[in-house]
Number of protein chains: 4
Amino acid sequence: MKKTLPEELVAKRTRILDAAARVFAEKGFHATTVRDVAQAAGVADGTIYNYFENKGGLLLGLIDPMSRGARGQVDPAALEGLSLRDFVQVHLLGPLKLFEADDFELFRVIVSELMVNRELRALFREHVLTPMTGLAEEAFGRWAEANGVPTPRAALTVRVLSSLVFGVILQRVMGDDLLTENWEALPGALADLLVGGLGGEAT
Amino acid sequence: MKKTLPEELVAKRTRILDAAARVFAEKGFHATTVRDVAQAAGVADGTIYNYFENKGGLLLGLIDPMSRGARGQVDPAALEGLSLRDFVQVHLLGPLKLFEADDFELFRVIVSELMVNRELRALFREHVLTPMTGLAEEAFGRWAEANGVPTPRAALTVRVLSSLVFGVILQRVMGDDLLTENWEALPGALADLLVGGLGGEAT
Amino acid sequence: MKKTLPEELVAKRTRILDAAARVFAEKGFHATTVRDVAQAAGVADGTIYNYFENKGGLLLGLIDPMSRGARGQVDPAALEGLSLRDFVQVHLLGPLKLFEADDFELFRVIVSELMVNRELRALFREHVLTPMTGLAEEAFGRWAEANGVPTPRAALTVRVLSSLVFGVILQRVMGDDLLTENWEALPGALADLLVGGLGGEAT
Amino acid sequence: MKKTLPEELVAKRTRILDAAARVFAEKGFHATTVRDVAQAAGVADGTIYNYFENKGGLLLGLIDPMSRGARGQVDPAALEGLSLRDFVQVHLLGPLKLFEADDFELFRVIVSELMVNRELRALFREHVLTPMTGLAEEAFGRWAEANGVPTPRAALTVRVLSSLVFGVILQRVMGDDLLTENWEALPGALADLLVGGLGGEAT
DNA sequence: AATGAATGAGTCTTCATTCAT
DNA sequence: CATGAATGAAGACTCATTCAT
């Protein structure tokens, strides 16, 4: 057994990635030096480059775990029995939780770079956005069929949900106090509003 | 004694700011050098610093015109006669148009920096977000009163609208084809969905 | 007069170039850091880049003065009266002197990079080699005509001369003691040998 | 006890050296990384250091085979019967062929480093230049004696030959078209010129 | 002997900012 | 106020070399 066990390498890669997430979240991508990441990961500067093409690669590397997080969020089977309102709430809750972990600091960094970095954008779209939307559409279709409800604009509906999620996080990150204070109740309230309509009487 | 007329100075400031907006939109904030801006504005590098504290000041300077744009969007008087659906649509349309100008390129840059730059964030909140939300809440209140409709959660409703706007732009900027293709019809469709609710039958 | 006088800039450029020549000659191109050059020139690191594209540009910049040196070496008018032997000697002497200045240290560096740097090679060929060879051919032609001598292979003859020059310098630079010791007498001896032929009795 | 046969080690050393020659010739010495050589040789990076002191050692290692090539070029016995012109031509041809192999690419690299690397220079002088010159002088002496010809300046004559060889290669490497096109005929023409003299009538 | 991951010193280059003219 | 040359701190990245396995 001559080779360094791949597991160790994977572990180190992960350690670097974790460090990167931490430091990026704290200081932002541009304000973070490669050395910052290296020190946070407890490796030498050059070691970073054994695992990632360049500094930007660290960011790209952050996407993949995120996509796994996104995928794991939904359990299609469990959804069929839900009411529309609960169905919606679940789909709001999932993504909301995904970034809540570190108080949305990583969200900040990722979005910041997404806006400006085409490659990252493509990767994010491919690995996170498209799967998420796809799963949601599928789930929605299945749910609708199971409940004998017509779904005239499933695709649009799903976009509304995801847009709402992003928009809400964005506003919260921007420092909207009302959202911050009512964060816990938000998914429910939003679900009510969406299902019942602005004009109507929600639960 | 010929003192340079302030107007001229204001004009030059504006010229620099326009140049900055243009170049930032094209290359992003970090990828743009002060020299890029200077050249685009037709002034010397050093001149920039006669009008702005530093590079970041250019960004801050971009906020103010934007706030005027935001404010000008709504005409409270004209809103009262509208149906709820149309009221909503108008409030979606305005902000959507605000950034559409240069194909959302400036939106990209601003959001990118907002995520990461506390000072810019505060300024943006103060000059753009808060006024916008405030105006919308006020308009909504006035509309509700005029139409004898109760508004149990005006604040939340307004957040839903603005979140939706941000989220939708975000997703479009991310490259969502469905949104891009149906962009024109989007405000109407969203208004329908919001007013009628997911469960219901829209107009 | 607002502008920095171009003369000053040219002077500074020259100062940097001189410094580069000095430092390169001493340590070689690769072993020299840009900072070495900057310090030798008494400017800041960054200033170098106001005058040259990059480190390699310093090398390219060294070519041009050299070409002027090469050109100035010959005075066509004075050549016509010479004997063939003296004509040859003059043409050996010129280039030999060109690099003798700093004990061939710069020759070392230039040749070292010429061997490996295509761009430098092209520039050197265009600005130094071709003009030199051209001038020599022309001078040789004029001399031959003036002296009623046929020149069956002027081009080849000129190559032989220049090759000999380069080869001789090369071998001296390589540390050939015999050449070093007899350096002063060399042009004459070579001229004798070339004109009279290996077999024969020189003038 | 199975000890690795020295032959195998020598073979691997040779393989590494061949790889080095190939890669150096292609990319130049400085532009080549030790890893490049290792990969070209099919070994691990670290293995290189079991056979060579350091990267420079690879270059030094290239000299030795070259010296063998240089030595093998001449067969003293066969030379005695030649005419002076043919004797000269043979001595031009040999070294010319030595580097022709890979289109002078290796010549480029070696000369490039020779110019700048004292240690390499010493080694090259000792193992290649001095033997070559010595052999040639010896051969020339023997030939002169055998043909009853006085050799007043054997040493200088030999230098002229080797200088011419180096100079001609140098100019060809520099991109002299005339030399490139007439390469095959060159040794003959040079021999004619040298033996007959510039003034005279060649064979 | 072979491996190849880790190291970290070393360099080029960029660019925001200053300030003498 | 305008200019733009000078500055020099800062940082990404490379790569020869080492050494534990």
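Atoms considered below: every heavy atom in the structure, side chains included; atoms not considered: hydrogens, waters and symmetry mates. Order of the sequence lines sets the chain letters (A, B, ...), proteins ahead of strands, with each chain counted from 1.
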Open item on the list: I want to confirm an ordering. Mapping B/Ala31 and C/Thr32 to their closest nucleotides on DNA chain E, which one lands closer to the 5' end?
Closed with: C/Thr32
Open item on the list: Expressed as a whole number of angstroms, how long is the span from C/Leu58:CG to E/dT13:P?
Closed with: 10 Å
TODO: Starting from the 5' end of DNA chain F, give me the residue, B/Gly42 or C/Val43, whose nearest nucleotide shows up first.
DONE: B/Gly42
Task: A/Glu8 CD to E/dG4 P, straight-line distance once rounded to whole Å - done: 15 Å
TODO: Report the distance from atom CZ of A/Arg13 to atom C1' of E/dA6, rounded to the nearest whole Å.
DONE: 17 Å
Open item on the list: If you assign each of C/Asp45 and B/Ala44 to its closest nucleotide in DNA chain F, which residue comes earlier from the 5' end?
Closed with: B/Ala44
Open item on the list: Quick one, A/Met174 with B/Met115, criterion side-chain contact (heavy atoms from CB on, under 4.5 Å). Give me CA distance, side-chain angles, the key distance, then yes/no.
Closed with: CA-CA 8 Å; A/Met174 284 300 303; B/Met115 292 297 99; 4.3 Å; yes
TODO: May I ask you to verify if any side-chain N or O of D/Asn50 is less than 4.0 angstrom from the OP1 or OP2 atom of E/dA2?
DONE: yes
- [ ] Go through E/dT17, E/dA6, F/dA12 for me and flag the one nearest to the B/Asn54 side chain.
- [x] E/dT17
Open item on the list: Looking at E/dA1, which nucleotide sits across from it as a Watson-Crick or G-U wobble partner, both distances under 3.5 angstrom, or is there none?
Closed with: none
TODO: Give a yes-or-no answer on whether the side chains of C/Thr33 and C/Asp36 include a donor-acceptor pair shorter than 3.5 Å.
DONE: yes
Task: Aromatic ring pairing B/Phe24/B/Phe29, orientation class (parallel under 30°, perpendicular over 60°, tilted between) - done: perpendicular
Task: Which residue lies more 5' along DNA chain E, comparing C/Gly46 with A/Thr47 via nearest heavy atoms - done: A/Thr47
Task: Phosphate OP1/OP2 of E/dT7 contacted by A/Tyr49 side-chain N/O (<4.0 Å) - done: no
TODO: Please determine, for the side chain of A/Lys55, which listed nucleotide (E/dA6, F/dA12, E/dT17) has the closest atom?
DONE: F/dA12
- [ ] Name the orientation class of the two ring planes belonging to C/His30 and D/His30 (parallel below 30°, tilted from 30 to 60°, perpendicular beyond 60°).
- [x] parallel
Open item on the list: Any side-chain N or O of D/Tyr51 below 4.0 angstrom from OP1/OP2 of E/dA2?
Closed with: yes
Task: CG on D/Asn50 to NZ on D/Lys12, rounded to 0.5 Å - done: 9.0 Å
TODO: Write down the distance between CZ (B/Phe52) and C1' (E/dA16), rounded to a whole number of angstrom.
DONE: 16 Å
Open item on the list: Let's test this: given Watson-Crick or G-U wobble pairing with both distances under 3.5 Å, identify the partner of E/dA20.
Closed with: F/dT3
